[in-house]
Amino acid sequence: MVKNLICLGIESTAHTFGVGIIEDGEVLADVRDMYTTEKGGIIPKDCGEHHKKLKNIILQKALDQAKLKIQDIDVISFSQGPGLDPSLIVGKNFAKELALKYKKPLVGVNHLCGHLEEGKFFTEAKDPVFVFVSGANTQIIAYEGEKYRIFGEALSVGLGNALDKFGRGVGLGFPAGPKIEQLAKNGKYIEIPYIVKGMDVEFSGIVTHCINLFKKGVAIEDLCYSLQEVGFAMLIEVTERALAHTGKKEALLIGGVAANQRFVEMLNTMCEARGAKAFACPLKYSGDNGVQIAIPGLIQYNSNSCVFKTEKEIENVDIKPGWRIDDVETPWMEK
Ligand code: AMP
Ligand code: MG
(Lines give C-alpha, C1' and ligand atoms only; values in the text may rest on other atoms or scores of the structure.)
(Ligands and ions follow the chains in the order given, each with its own letter.)
Protein backbone atom coordinates (compact mmCIF):
# COMPACT_ATOMS: atom_id res chain seq x y z
CA MET A 1 0.00 0.00 0.00
CA VAL A 2 1.27 3.46 -0.86
CA LYS A 3 1.58 5.66 2.20
CA ASN A 4 -0.27 9.00 2.14
CA LEU A 5 1.99 11.99 2.41
CA ILE A 6 1.74 14.15 5.51
CA CYS A 7 2.42 17.88 5.20
CA LEU A 8 3.06 20.35 8.01
CA GLY A 9 2.30 23.95 7.03
CA ILE A 10 3.54 27.07 8.82
CA GLU A 11 1.61 30.33 8.46
CA SER A 12 3.40 33.51 9.41
CA THR A 13 2.59 36.41 7.08
CA ALA A 14 0.92 38.87 9.45
CA HIS A 15 -0.91 38.70 12.80
CA THR A 16 -1.27 34.92 13.05
CA PHE A 17 1.30 32.22 13.70
CA GLY A 18 -0.23 28.87 12.80
CA VAL A 19 0.79 25.27 12.26
CA GLY A 20 -1.51 22.94 10.32
CA ILE A 21 -0.98 19.28 9.51
CA ILE A 22 -2.81 17.44 6.74
CA GLU A 23 -2.71 13.95 5.32
CA ASP A 24 -4.26 13.74 1.88
CA GLY A 25 -7.85 14.95 2.28
CA GLU A 26 -7.81 15.08 6.06
CA VAL A 27 -6.92 17.80 8.57
CA LEU A 28 -4.92 16.27 11.44
CA ALA A 29 -4.08 19.48 13.31
CA ASP A 30 -4.79 23.20 13.32
CA VAL A 31 -3.16 25.28 16.04
CA ARG A 32 -2.79 29.06 15.83
CA ASP A 33 -2.33 32.15 17.88
CA MET A 34 -3.14 35.67 16.84
CA TYR A 35 -1.19 38.75 17.87
CA THR A 36 -3.65 41.38 19.08
CA THR A 37 -3.45 44.93 20.39
CA GLU A 38 -5.67 46.81 22.83
CA LYS A 39 -5.67 49.89 20.65
CA GLY A 40 -4.59 50.65 17.09
CA GLY A 41 -3.26 48.23 14.51
CA ILE A 42 -0.37 45.78 14.09
CA ILE A 43 3.13 46.83 15.16
CA PRO A 44 5.18 44.63 12.77
CA LYS A 45 8.19 44.23 15.07
CA ASP A 46 6.06 43.18 18.07
CA CYS A 47 4.17 40.81 15.83
CA GLY A 48 7.45 39.10 14.86
CA GLU A 49 8.37 38.82 18.56
CA HIS A 50 5.00 37.24 19.29
CA HIS A 51 5.60 34.59 16.61
CA LYS A 52 9.15 33.93 17.82
CA LYS A 53 7.95 33.42 21.38
CA LEU A 54 5.17 30.99 20.47
CA LYS A 55 6.52 29.03 17.49
CA ASN A 56 7.85 26.01 19.40
CA ILE A 57 4.77 25.75 21.61
CA ILE A 58 2.42 25.91 18.62
CA LEU A 59 4.44 23.30 16.73
CA GLN A 60 4.36 20.92 19.70
CA LYS A 61 0.61 21.42 20.22
CA ALA A 62 -0.02 20.66 16.54
CA LEU A 63 2.08 17.49 16.64
CA ASP A 64 0.25 16.39 19.80
CA GLN A 65 -3.11 17.09 18.19
CA ALA A 66 -2.13 14.97 15.17
CA LYS A 67 -0.59 12.31 17.43
CA LEU A 68 2.60 12.48 15.42
CA LYS A 69 6.28 13.11 15.90
CA ILE A 70 8.13 15.55 13.69
CA GLN A 71 9.93 12.57 12.13
CA ASP A 72 6.55 11.35 10.79
CA ILE A 73 6.13 14.48 8.67
CA ASP A 74 6.96 14.05 4.95
CA VAL A 75 6.87 17.65 3.73
CA ILE A 76 7.21 21.04 5.43
CA SER A 77 5.63 24.10 3.81
CA PHE A 78 5.68 27.73 4.87
CA SER A 79 4.12 31.01 3.77
CA GLN A 80 6.85 32.71 1.77
CA GLY A 81 4.84 35.90 1.04
CA PRO A 82 3.21 38.33 0.67
CA GLY A 83 3.26 39.82 4.14
CA LEU A 84 5.11 41.80 6.78
CA ASP A 85 8.87 41.23 6.85
CA PRO A 86 9.27 40.57 10.62
CA SER A 87 6.46 37.99 10.60
CA LEU A 88 7.61 36.31 7.38
CA ILE A 89 11.19 36.01 8.63
CA VAL A 90 10.18 34.08 11.75
CA GLY A 91 8.20 31.52 9.74
CA LYS A 92 10.91 31.20 7.10
CA ASN A 93 13.73 30.66 9.60
CA PHE A 94 11.69 28.17 11.59
CA ALA A 95 10.68 26.17 8.49
CA LYS A 96 14.27 26.11 7.20
CA GLU A 97 15.62 25.04 10.57
CA LEU A 98 13.16 22.14 10.78
CA ALA A 99 13.69 21.07 7.16
CA LEU A 100 17.47 21.00 7.58
CA LYS A 101 17.46 19.34 10.99
CA TYR A 102 15.00 16.57 10.10
CA LYS A 103 16.00 16.32 6.41
CA LYS A 104 12.56 17.10 4.97
CA PRO A 105 11.73 18.80 1.66
CA LEU A 106 10.63 22.43 2.03
CA VAL A 107 7.86 24.08 -0.01
CA GLY A 108 7.35 27.85 -0.37
CA VAL A 109 3.65 28.78 -0.51
CA ASN A 110 2.02 32.01 -1.60
CA HIS A 111 -0.31 33.05 1.23
CA LEU A 112 -3.14 34.08 -1.11
CA CYS A 113 -2.79 30.83 -3.02
CA GLY A 114 -3.29 29.23 0.41
CA HIS A 115 -6.64 31.00 0.84
CA LEU A 116 -7.76 29.99 -2.66
CA GLU A 117 -6.72 26.32 -2.48
CA GLU A 118 -8.14 26.05 1.03
CA GLY A 119 -11.47 27.48 -0.20
CA LYS A 120 -11.65 24.74 -2.86
CA PHE A 121 -10.53 22.07 -0.35
CA PHE A 122 -13.35 22.87 2.09
CA THR A 123 -16.18 23.43 -0.43
CA GLU A 124 -17.39 21.76 -3.60
CA ALA A 125 -16.25 24.64 -5.78
CA LYS A 126 -13.94 23.40 -8.55
CA ASP A 127 -13.10 26.39 -10.71
CA PRO A 128 -14.77 29.44 -9.19
CA VAL A 129 -14.46 33.17 -9.38
CA PHE A 130 -12.97 33.86 -5.94
CA VAL A 131 -14.38 36.78 -3.99
CA PHE A 132 -11.54 37.28 -1.54
CA VAL A 133 -12.52 39.83 1.10
CA SER A 134 -10.35 40.00 4.20
CA GLY A 135 -9.18 42.89 6.35
CA ALA A 136 -6.34 44.10 4.15
CA ASN A 137 -7.23 42.41 0.86
CA THR A 138 -10.19 42.69 -1.44
CA GLN A 139 -9.70 40.97 -4.77
CA ILE A 140 -11.80 39.19 -7.38
CA ILE A 141 -9.61 36.35 -8.66
CA ALA A 142 -10.09 33.57 -11.20
CA TYR A 143 -7.92 30.97 -12.90
CA GLU A 144 -7.45 31.87 -16.54
CA GLY A 145 -4.63 31.48 -19.04
CA GLU A 146 -2.71 29.10 -16.74
CA LYS A 147 -2.59 31.49 -13.81
CA TYR A 148 -4.67 32.85 -10.97
CA ARG A 149 -5.45 36.33 -12.18
CA ILE A 150 -6.81 39.36 -10.41
CA PHE A 151 -9.87 40.65 -12.26
CA GLY A 152 -10.63 43.49 -9.90
CA GLU A 153 -9.47 44.83 -6.58
CA ALA A 154 -9.93 47.54 -3.98
CA LEU A 155 -7.83 50.55 -4.96
CA SER A 156 -7.06 51.80 -1.45
CA VAL A 157 -8.23 49.88 1.63
CA GLY A 158 -9.80 46.41 1.56
CA LEU A 159 -13.47 46.14 2.60
CA GLY A 160 -12.69 44.65 6.04
CA ASN A 161 -10.33 47.50 6.86
CA ALA A 162 -12.85 49.99 5.47
CA LEU A 163 -15.53 48.64 7.83
CA ASP A 164 -13.05 48.77 10.72
CA LYS A 165 -12.07 52.33 9.80
CA PHE A 166 -15.72 53.37 9.84
CA GLY A 167 -16.07 51.56 13.18
CA ARG A 168 -13.15 53.52 14.64
CA GLY A 169 -14.65 56.78 13.36
CA VAL A 170 -17.99 56.16 15.06
CA GLY A 171 -16.68 54.46 18.23
CA LEU A 172 -17.55 50.81 17.59
CA GLY A 173 -14.13 49.32 18.43
CA PHE A 174 -12.25 46.58 16.58
CA PRO A 175 -13.17 44.47 14.69
CA ALA A 176 -16.19 46.48 13.62
CA GLY A 177 -17.52 44.13 10.90
CA PRO A 178 -19.71 41.96 13.19
CA LYS A 179 -21.09 45.01 15.05
CA ILE A 180 -21.93 46.76 11.78
CA GLU A 181 -23.78 43.62 10.65
CA GLN A 182 -25.93 43.65 13.81
CA LEU A 183 -26.66 47.41 13.71
CA ALA A 184 -27.54 47.22 10.00
CA LYS A 185 -30.50 44.96 10.82
CA ASN A 186 -32.38 47.98 12.19
CA GLY A 187 -31.29 50.45 9.54
CA LYS A 188 -32.73 51.82 6.30
CA TYR A 189 -31.10 52.99 3.12
CA ILE A 190 -29.75 56.50 2.78
CA GLU A 191 -27.87 57.65 -0.28
CA ILE A 192 -24.07 57.35 -0.13
CA PRO A 193 -21.47 57.22 -2.96
CA TYR A 194 -21.11 54.02 -5.00
CA ILE A 195 -17.61 53.84 -6.51
CA VAL A 196 -16.72 51.22 -9.12
CA LYS A 197 -13.97 52.13 -11.58
CA GLY A 198 -13.85 49.59 -14.39
CA MET A 199 -13.31 46.35 -12.46
CA ASP A 200 -11.90 48.05 -9.37
CA VAL A 201 -13.62 49.35 -6.26
CA GLU A 202 -12.79 52.23 -3.95
CA PHE A 203 -13.99 52.25 -0.34
CA SER A 204 -12.05 54.96 1.47
CA GLY A 205 -14.09 57.93 0.14
CA ILE A 206 -17.32 56.18 1.13
CA VAL A 207 -16.07 55.61 4.67
CA THR A 208 -15.08 59.27 5.09
CA HIS A 209 -18.49 60.29 3.75
CA CYS A 210 -20.27 58.02 6.25
CA ILE A 211 -18.20 59.25 9.20
CA ASN A 212 -19.08 62.84 8.23
CA LEU A 213 -22.79 61.97 8.08
CA PHE A 214 -22.49 60.39 11.54
CA LYS A 215 -21.03 63.64 12.88
CA LYS A 216 -24.02 65.48 11.40
CA GLY A 217 -26.37 63.25 13.40
CA VAL A 218 -27.42 60.58 10.88
CA ALA A 219 -28.47 57.38 12.69
CA ILE A 220 -25.69 54.83 13.03
CA GLU A 221 -28.04 51.97 12.06
CA ASP A 222 -28.84 53.67 8.74
CA LEU A 223 -25.13 54.26 8.05
CA CYS A 224 -24.26 50.62 8.82
CA TYR A 225 -27.07 49.37 6.60
CA SER A 226 -26.14 51.63 3.70
CA LEU A 227 -22.41 50.99 3.99
CA GLN A 228 -23.03 47.24 3.81
CA GLU A 229 -25.53 47.39 0.95
CA VAL A 230 -23.31 49.66 -1.14
CA GLY A 231 -19.98 47.98 -0.32
CA PHE A 232 -21.30 44.49 -1.02
CA ALA A 233 -23.20 45.56 -4.14
CA MET A 234 -20.01 47.09 -5.60
CA LEU A 235 -18.17 43.80 -5.16
CA ILE A 236 -21.04 41.74 -6.47
CA GLU A 237 -21.24 43.91 -9.59
CA VAL A 238 -17.56 43.23 -10.31
CA THR A 239 -17.95 39.52 -9.49
CA GLU A 240 -20.87 39.24 -11.89
CA ARG A 241 -18.80 40.77 -14.67
CA ALA A 242 -15.92 38.39 -13.89
CA LEU A 243 -18.37 35.46 -14.15
CA ALA A 244 -19.65 36.77 -17.49
CA HIS A 245 -16.14 37.34 -18.83
CA THR A 246 -14.70 33.98 -17.79
CA GLY A 247 -17.86 31.92 -18.38
CA LYS A 248 -17.38 30.30 -14.97
CA LYS A 249 -20.38 28.98 -13.08
CA GLU A 250 -19.21 29.25 -9.47
CA ALA A 251 -18.38 32.06 -7.06
CA LEU A 252 -16.49 31.32 -3.83
CA LEU A 253 -16.41 33.78 -0.97
CA ILE A 254 -13.29 33.70 1.21
CA GLY A 255 -11.72 35.95 3.87
CA GLY A 256 -13.02 37.30 7.18
CA VAL A 257 -15.83 39.39 5.69
CA ALA A 258 -17.39 36.14 4.39
CA ALA A 259 -18.77 35.84 7.94
CA ASN A 260 -21.37 38.45 7.00
CA GLN A 261 -24.71 36.76 6.30
CA ARG A 262 -26.06 39.66 4.28
CA PHE A 263 -23.04 39.44 1.97
CA VAL A 264 -23.56 35.69 1.48
CA GLU A 265 -27.26 36.30 0.79
CA MET A 266 -26.53 38.98 -1.84
CA LEU A 267 -23.95 36.75 -3.55
CA ASN A 268 -26.46 33.89 -3.59
CA THR A 269 -29.14 36.08 -5.16
CA MET A 270 -26.81 37.24 -7.94
CA CYS A 271 -25.56 33.72 -8.64
CA GLU A 272 -29.06 32.24 -8.73
CA ALA A 273 -30.18 34.89 -11.19
CA ARG A 274 -27.43 33.89 -13.63
CA GLY A 275 -27.51 30.13 -13.12
CA ALA A 276 -24.26 30.02 -11.13
CA LYS A 277 -23.56 28.54 -7.71
CA ALA A 278 -22.30 30.45 -4.68
CA PHE A 279 -20.01 28.93 -2.04
CA ALA A 280 -18.40 30.29 1.12
CA CYS A 281 -15.29 28.99 2.88
CA PRO A 282 -16.25 27.66 6.36
CA LEU A 283 -15.81 30.39 8.96
CA LYS A 284 -13.33 28.35 10.98
CA TYR A 285 -10.87 28.49 8.10
CA SER A 286 -11.61 31.97 6.74
CA GLY A 287 -8.90 33.60 8.87
CA ASP A 288 -5.15 32.91 8.52
CA ASN A 289 -4.07 29.44 9.65
CA GLY A 290 -1.49 26.72 9.05
CA VAL A 291 -3.88 24.36 7.24
CA GLN A 292 -4.14 26.89 4.42
CA ILE A 293 -0.37 26.53 3.94
CA ALA A 294 -0.30 22.74 4.34
CA ILE A 295 -2.93 22.22 1.60
CA PRO A 296 -0.98 23.92 -1.23
CA GLY A 297 2.22 22.57 0.35
CA LEU A 298 1.17 19.06 -0.54
CA ILE A 299 -0.26 20.02 -3.94
CA GLN A 300 2.94 21.86 -4.85
CA TYR A 301 5.15 19.06 -3.59
CA ASN A 302 3.32 16.63 -5.86
CA SER A 303 3.83 18.89 -8.88
CA ASN A 304 7.33 19.99 -7.91
CA SER A 305 6.47 23.67 -7.67
CA CYS A 306 8.63 25.82 -5.34
CA VAL A 307 10.06 22.68 -3.74
CA PHE A 308 13.52 22.89 -2.14
CA LYS A 309 15.20 19.57 -1.53
CA THR A 310 18.96 19.80 -1.17
CA GLU A 311 20.66 21.40 1.81
CA LYS A 312 22.01 24.12 -0.46
CA GLU A 313 18.59 24.87 -1.97
CA ILE A 314 17.01 25.09 1.47
CA GLU A 315 19.75 27.33 2.83
CA ASN A 316 19.18 29.79 -0.03
CA VAL A 317 15.41 30.14 0.47
CA ASP A 318 14.25 33.67 1.30
CA ILE A 319 10.95 35.47 1.91
CA LYS A 320 8.94 37.17 -0.89
CA PRO A 321 7.15 40.07 0.85
CA GLY A 322 5.57 41.43 -2.36
CA TRP A 323 4.68 38.11 -4.05
CA ARG A 324 1.52 38.65 -6.13
CA ILE A 325 -0.89 35.83 -6.87
CA ASP A 326 -0.54 36.38 -10.63
CA ASP A 327 3.18 35.61 -10.32
CA VAL A 328 2.53 32.14 -8.89
CA GLU A 329 3.28 29.23 -11.23
CA THR A 330 0.45 26.68 -11.00
CA PRO A 331 1.60 23.47 -12.75
CA TRP A 332 -0.93 21.45 -10.71
CA MET A 333 -3.94 23.04 -12.40
CA GLU A 334 -5.51 21.27 -15.37
CA LYS A 335 -4.37 22.69 -18.66
P1 AMP B 1 -9.28 38.54 7.92
O2 AMP B 1 -8.33 39.65 7.56
O3 AMP B 1 -9.55 37.61 6.76
O4 AMP B 1 -8.88 37.80 9.17
O5 AMP B 1 -10.71 39.22 8.24
C6 AMP B 1 -10.86 40.20 9.24
C7 AMP B 1 -11.86 41.25 8.78
O8 AMP B 1 -13.17 40.67 8.65
C9 AMP B 1 -11.98 42.40 9.75
O10 AMP B 1 -11.80 43.59 9.03
C11 AMP B 1 -13.42 42.29 10.29
O12 AMP B 1 -14.03 43.54 10.57
C13 AMP B 1 -14.13 41.58 9.15
N14 AMP B 1 -15.32 40.87 9.60
C15 AMP B 1 -15.39 39.87 10.51
N16 AMP B 1 -16.67 39.49 10.71
C17 AMP B 1 -17.44 40.28 9.91
C18 AMP B 1 -18.84 40.39 9.65
N19 AMP B 1 -19.73 39.64 10.27
N20 AMP B 1 -19.25 41.31 8.76
C21 AMP B 1 -18.35 42.10 8.11
N22 AMP B 1 -17.03 42.03 8.31
C23 AMP B 1 -16.57 41.14 9.19
MG1 MG C 1 -4.92 35.97 4.98
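Along the sequence shown, residues are numbered consecutively beginning with 1. Just follow the structure's listing: the first ligand is 1, and inside any ligand the first atom is 1. Basis for what follows: all heavy atoms, side chains included, without hydrogens, waters or symmetry-related copies. Remember, predicted model here, so these are calculated numbers, not experimental data.
Counting protein heavy atoms only, atom 15 (C) of ligand 1 is closest to Gly256 O, 3.5 Å. The protein atom (non-hydrogen) at minimum distance from atom 13 (C) of ligand 1 is Val257 CG2, 3.9 Å. When only non-hydrogen protein atoms are considered, atom 20 (N) of ligand 1 lies nearest to Asn260 ND2, 3.0 Å. Gly177 CA, 3.4 Å is the protein heavy atom nearest to atom 22 (N) of ligand 1.
Taking the six-membered ring for Trp and thresholds of 30 and 60 degrees, Tyr225 and Tyr189 have ring planes more than 60 degrees apart, a perpendicular arrangement. Ring planes of Phe17 and His51: tilted class, angle from 30 to 60°.
Donor-acceptor pairing under 3.5 Å is lacking for the side chains of Gln300 and Ser77. Side-chain atoms of Asn110 and Gln80 form no donor-acceptor pair, as typed in the model, at a separation below 3.5 Å. A donor and an acceptor atom, one from each side chain of Tyr194 and Glu237, are located under 3.5 Å apart.
Here's the thing with Glu181: one of its N/O atoms is less than 3.5 angstrom from an N/O atom of ligand 1. Remark: ligand 1 and Val133 share no N or O pair separated by less than 3.5 Å (distance only, no angle test). Close N/O approach between Gly135 and ligand 1 is found [any backbone or side-chain N/O within under 3.5 Å].
Remark: ligand 1 atoms within the under-4.0 Å shell around heavy atoms of Asp164 are 9 (C), 10 (O), 11 (C), 12 (O). Within ligand 1, counting atoms from 1 as listed, the ones closer than 4.0 Å to a heavy atom of Pro175 are 11 (C), 12 (O). Interface of Gly160 with ligand 1, defined as ligand atoms under 4.0 Å from a residue heavy atom, comprises 10 (O).
Rounded to the nearest 10 degrees, the angle NE2 (His115) to the Mg ion (ligand 2) to OD1 (Asp288) equals 90°.
Side-chain contact between Gln261 and Glu181: present, with at least one pair of heavy atoms (C-beta onward) separated by less than 4.5 Å. Residues Val131 and Ile254 have side chains not in contact (no heavy-atom distance under 4.5 Å, counting atoms from C-beta outward).
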Q.
Using the rule given for side-chain contact (heavy atoms from CB on, under 4.5 Å), can you reason through Phe279 versus Glu124, listing the C-alpha separation, both sets of side-chain angles and the distance that settles it, and then say yes or no?
A. CA-CA 8 Å; Phe279 298 91; Glu124 277 169 17; 3.9 Å; yes
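Contact annotation: for Leu163 versus ligand 1, heavy atoms closer than 4.0 Å belong to the side chain alone.
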